[in-house]
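Single-structure report; data block below.
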Protein chains: 2
Amino acid sequence: MTTEHRSPCPISSFLDLWGDRWTLIIIRDMLVGKRRFSDLEAGNEHVPPSILADRMKKLIALGVAERVQYQDKPPRYEYHLTAKGTALRPVLIAMGDWSEEHLPDRWHTPDWFRAGRHAPGRD
Amino acid sequence: MTTEHRSPCPISSFLDLWGDRWTLIIIRDMLVGKRRFSDLEAGNEHVPPSILADRMKKLIALGVAERVQYQDKPPRYEYHLTAKGTALRPVLIAMGDWSEEHLPDRWHTPDWFRAGRHAPGRD
DNA sequence: AAAGTAAACTTTCGATTTGAAAGTAACATG
DNA sequence: CATGTTACTTTCAAATCGAAAGTTTACTTT
């Protein structure tokens, strides 16, 4: 993966990496505490598994997530965000703020998300 | 244009609208004070004119920009952001902040951009 | 022991989107 | 009257998307 940037502008560079319809939705779900492929796949927006697999490879290649084996007998894996990944939270909050103010009938961003915590029930 | 949202989540709704490689770059340049098609086309990243035309139609349809005729004799038009459009600035700033911290050798977001002003020399 | 379930993916393939290049329309200028 | 400027549109091959089905490995149920 050649991480080529269209210009040295930090905004366009951000979009070079994350400017698509799915990647930041996956990051959102990981910030909420989801770790497993099937969990991420089953979200509200139904990421196709082909796209999810592709994006997880990209996240790992960019150092934003890590793949960890969490059991042996049937080999199973889960994903964790790195600090570089959790640092994306303010961007997602800003996006949510714009939508809540300018689009009708959107959900509210929960306080635990703003505060940097997981969804209640996850840890 | 059916503005269909994948879910009522404000983050995914934001990505339904702006989740691509070009639209927010165009918004960035408009926030910087660029108004004319040729100005927007000539930016650092070189938006193809076919994409620029398509995105401007979308911005207008969504109430984020307006098209104004600024001369008659050869009919010429320019674009202005609405309040709904300028409200995207905090999202772009958050994106830039992430890139400055996590990608090497990016430009710094200028203070006048953070402060909500145009580029020096534009008004 | 055969059948079914589950997790984590991969493969296939038609449809959509992208983006480079060239073309168009309406005038202005030299 | 030839060239330039602005604001686009058209064309088309290539890349990407995404729905559906298939694969692998191992455990669980009948």
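When reading the values below, keep in mind they use all heavy atoms of this one structure, side chains included, and skip hydrogens, waters and symmetry mates. Numbers restart at 1 for each chain; the letters A, B, ... are given by sequence-line order, proteins then strands.
Taking CG from B:Leu17 and CG from B:Leu59, the interatomic distance works out to 10.5 Å, rounded to the nearest 0.5 Å.
Looking at every heavy atom in both residues, B:Glu45 comes nearest to B:Ile25 through OE1-CG2, 3.8 Å. The nearest pair of heavy atoms linking A:Ile26 to A:Leu40 is O-CD2, 4.2 Å. Contact between B:Leu31 and B:His118 at its shortest, heavy atoms only, is O-CD2, 3.2 Å.
A nucleotide of DNA chain D counts as in contact with chain A when one of its atoms lies under 4.0 Å from a heavy atom; the first and last such, 5' to 3', are D:dC17 to D:dC27.
Rounded to whole angstrom, the span from the CD atom of B:Gln71 across to the P atom of C:dT29 amounts to 10 Å. For the pair A:Asp16 CG and C:dG19 C1', the interatomic distance rounds to 15 Å; values are reported in whole Å. To the nearest angstrom, C1' of C:dA8 lies 17 Å from CZ of A:Arg35. Spacing between atom OH of A:Tyr79 and atom P of C:dA8 amounts to 8 Å, rounded to whole angstrom units. Computed from coordinates, the B:Arg76 CZ to C:dA26 C1' distance equals 7 Å when rounded to whole Å. Rounded to a whole Å, the CD1 atom of B:Ile25 is 10 Å from the P atom of C:dG19. Spacing between atom CG of A:Asp20 and atom C1' of C:dT18 amounts to 14 Å, rounded to whole angstrom units. Taking atom NZ of A:Lys57 as the reference point, atom C1' of C:dT11 lies 12 Å away to the nearest angstrom.
Distance alone, capped at 3.5 Å, places no donor-acceptor pair between the B:Lys34 side chain and the B:Glu41 backbone.
Base-pair partner of D:dA26: C:dT5 (Watson-Crick or G-U wobble, both distances under 3.5 Å).
Of the side-chain N and O atoms in B:Tyr77, none sit less than 4.0 angstrom from OP1 or OP2 of C:dA26.
For the 3.5 Å distance criterion, the side chains of B:Ser7 and B:Ser12 qualify, holding a donor opposite an acceptor. Between the side chains of B:Arg106 and B:Ser99, no donor-acceptor pair is found at a separation under 3.5 Å.
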Requested in this report: Given side chain to side chain contact (heavy atoms under 4.5 Å, CB included), test A:Phe14 with A:Leu88 step by step and report yes or no.
Outcome: CA-CA 10 Å; A:Phe14 186 96; A:Leu88 289 164; 3.6 Å; yes
Requested in this report: Report the C-alpha distance between A:Val64 and A:Ile27 in whole Å, list the side-chain angles of each, state the deciding distance to 0.1 Å, and finish with yes or no for side chain to side chain contact (heavy atoms under 4.5 Å, CB included).
Outcome: CA-CA 9 Å; A:Val64 159; A:Ile27 299 277; 3.8 Å; yes
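Within residues 36-55 of chain A, the residues having any heavy atom under 4.0 Å from DNA chain C are, by residue number, A:Arg36, A:Phe37, A:Ser38, A:Pro49, A:Ser50, A:Ala53.
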